[in-house]
Number of protein chains: 2
Amino acid sequence: MSNQTPRRTDPANDLLRATTRLNRWASRHASFDLPVAQARLLSLIDDLGPTRISTLAEADHSSQPTITAGVQRLEAQGWAGREPDPTDARATLVSLTKEGRIALAAARKARAAVLAPVIDALDAGERARLDEAITVFEEVLDRASLAVPNLQAQHRKEA
Amino acid sequence: MSNQTPRRTDPANDLLRATTRLNRWASRHASFDLPVAQARLLSLIDDLGPTRISTLAEADHSSQPTITAGVQRLEAQGWAGREPDPTDARATLVSLTKEGRIALAAARKARAAVLAPVIDALDAGERARLDEAITVFEEVLDRASLAVPNLQAQHRKEA
DNA sequence: CAATATTACATAGAGAGGCTATGCAAAGCA
DNA sequence: TGCTTTGCATAGCCTCTCTATGTAATATTG
């Protein structure tokens with residue numbers, strides 16, 4: 001059958017495997033199919049307010065060109081706008097438009113809707129454990145962000 | 001600087017946000033940079049043994065052409081091979097080569113290595129909560145897989 | 001058994017999403 | 001002033017994913 005009960009290896013692996021598969025599943029089944037990266041970026045801009053490209057790149061752990069391209073896609077949809085940074089003529093400040101906030105809300109609703117039936121089916125104890133799990137994850141994430149300030153190690157594997 | 005302590009919305013959203021960011025972070029910082037999708041596919045083939053393309057697609061919740069392309073990439077690296085299915089001349093059975101298993105092990109090790117320092121820094125209580133969290137996630141995943149109506153188990157024909 | 005339908009996979013085409021390398025203009029600094 | 005750094009855009013190159021469609025083998029049915 002499918003991929004139930006994968007074998008345990010070690011916590012790091014298990015964690016990443018679980019998150020990868022959950023992500024994959026959610027993005028595959030979301031009804032309002034806003035690409036994951038765009039949802040992430042919308043959410044980030046929403047959180048951070050008018051923000052520079054480079055700040056977004058850092059917060060997203062991605063490269064500056066990736067964010068530039070992402071913002072261009074958001075702009076093309078009318079979801080984001082940019083103003084010059086009054087304090088630095090090189091920089092621009094990206095922020096959400098009203099439509100962008102609407103789209104973000106819709107995407108959140110849709111993604112939640114995919115998972116909602118599953119979550120609703122959990123009993124109270126499981127619900128509590130899930131909340132706990134999310135909290136732990138966020139802690140791990142925060143520490144991870146802090147723990148790896150400038151790890152750019154990059155060996156290209158020979159093809 | 002970064003994006004600590006994002007606001008809570010609802011469990012489904014929080015869950016997906018946490019998993020998305022964790023994934024992103026891990027893939028960004030993994031030293032042995034096997035693309036996520038290839039790692040997923042290697043792992044899947046390893047789990048399922050000699051497997052048809054269509055079975056892999058179903059297990060991965062992705063389309064058949066996606067798997068076809070993925071397997072081709074794995075083959076090009078010498079990580080997977082294919083044999084004709086003796087019971088059906090249309091089908092092929094994909095399996096890992098020895099090099100494929102080695103690559104999978106390396107990728108797992110590398111991904112675990114990125115997270116390991118963070119996990120090691122957790123105290124015993126947090127570790128326990130994390131293990132719990134992973135378990136809950138896997139349960140959610142299993143239920144999610146089952147809850148999706150349109151991806152039914154395929155007929156497994158007997159010899 | 002021949003005609004038709006279904007299944008398994010490949011290919012084509014398109015677009016998102018990611019990277020590095022590089023160019024350019026503004027800002028910072030010597 | 002002139003050199004360096006910074007902020008962003010562009011270019012070029014992959015991977016990953018989809019839908020649509022083609023082809024060959026298998027299954028079904030009249």
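Keep in mind that the numbers below use all heavy atoms, side chains included, and drop hydrogens, waters and symmetry copies. Within every chain, numbering begins at 1; the chains are lettered A, B, ... in the order of the sequence lines, protein sequences first and strands thereafter.
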Going through the checks in order, is the side chain to side chain contact (heavy atoms under 4.5 Å, CB included) test met by A:Leu115 and A:Trp25?
-> CA-CA 10 Å; A:Leu115 258 190; A:Trp25 177 85; 3.6 Å; yes
Numerically ordered, the residues 80-90 of chain A set in heavy-atom contact under 4.0 Å with DNA chain D is A:Arg82, A:Arg90
Sidechain-backbone polar pair: B:Asp60 side chain, B:Ser62 backbone, donor-acceptor under 3.5 Å | no
May I have the distance from A:Arg52 (atom CZ) to D:dT5 (atom P), rounded to whole angstrom?
-> 18 Å
Would you indicate whether the side-chain heavy atoms of B:Pro86 and B:Leu93 approach each other to under 4.5 Å?
-> yes
Go through A:Thr135 and B:Asp14 one step at a time and tell me if the side chain to side chain contact (heavy atoms under 4.5 Å, CB included) criterion holds.
-> CA-CA 9 Å; A:Thr135 301; B:Asp14 296 338; over 6 Å; no
Ionic contact status for B:Glu139 with A:Arg129, cut-off 4.0 Å = yes
Looking at residues 64-74 of chain A, who's got a heavy atom less than 4.0 Å off DNA chain C?
-> A:Pro65, A:Thr66, A:Arg73
Spacing of B:Arg40 atom CZ relative to D:dT15 atom P, expressed in whole Å = 15 Å
Verify side chain to side chain contact (heavy atoms under 4.5 Å, CB included) between A:Asn23 and A:Val36, making sure each step is shown before the conclusion.
-> CA-CA 9 Å; A:Asn23 265 337; A:Val36 199; 5.6 Å; no
Taking only N and O in the side chain of A:Gln38, is any of them less than 4.0 Å away from OP1 or OP2 of C:dA16?
-> no
Flag the pair B:Arg101 and B:Asp46 as a salt bridge only when some basic side-chain nitrogen lies within less than 4.0 angstrom of an acidic carboxylate oxygen.
-> no
Between B:Ala39 and A:Ala91, which has a closest nucleotide on DNA chain D that is more 5'?
-> A:Ala91
Rounded to the Å, how far apart are A:Asp60 CG and D:dC8 P?
-> 15 Å
Please determine if a side-chain N or O atom of B:Ser54 lies less than 4.0 Å away from the OP1 or OP2 oxygen of C:dC9.
-> yes
Nearest-Å distance, CG (B:Leu56) to P (D:dC16)?
-> 15 Å
Test item: B:Arg21 and A:His61 side chains (from C-beta on) under 4.5 Å apart, heavy atoms = no
Taking only side-chain nitrogens and oxygens of A:Arg24, does any of them come within less than 4.0 Å of OP1 or OP2 of D:dT17?
-> yes
Distance, rounded to the nearest Å, where A:Glu58 contributes CD and D:dT6 contributes C1' | 13 Å
With no hydrogens and no angle check, do the side chains of B:Ser54 and B:Glu58 hold a donor and an acceptor under 3.5 Å apart?
-> no
Write down the distance between NE2 (B:His61) and C1' (D:dC18), rounded to a whole number of angstrom.
-> 17 Å
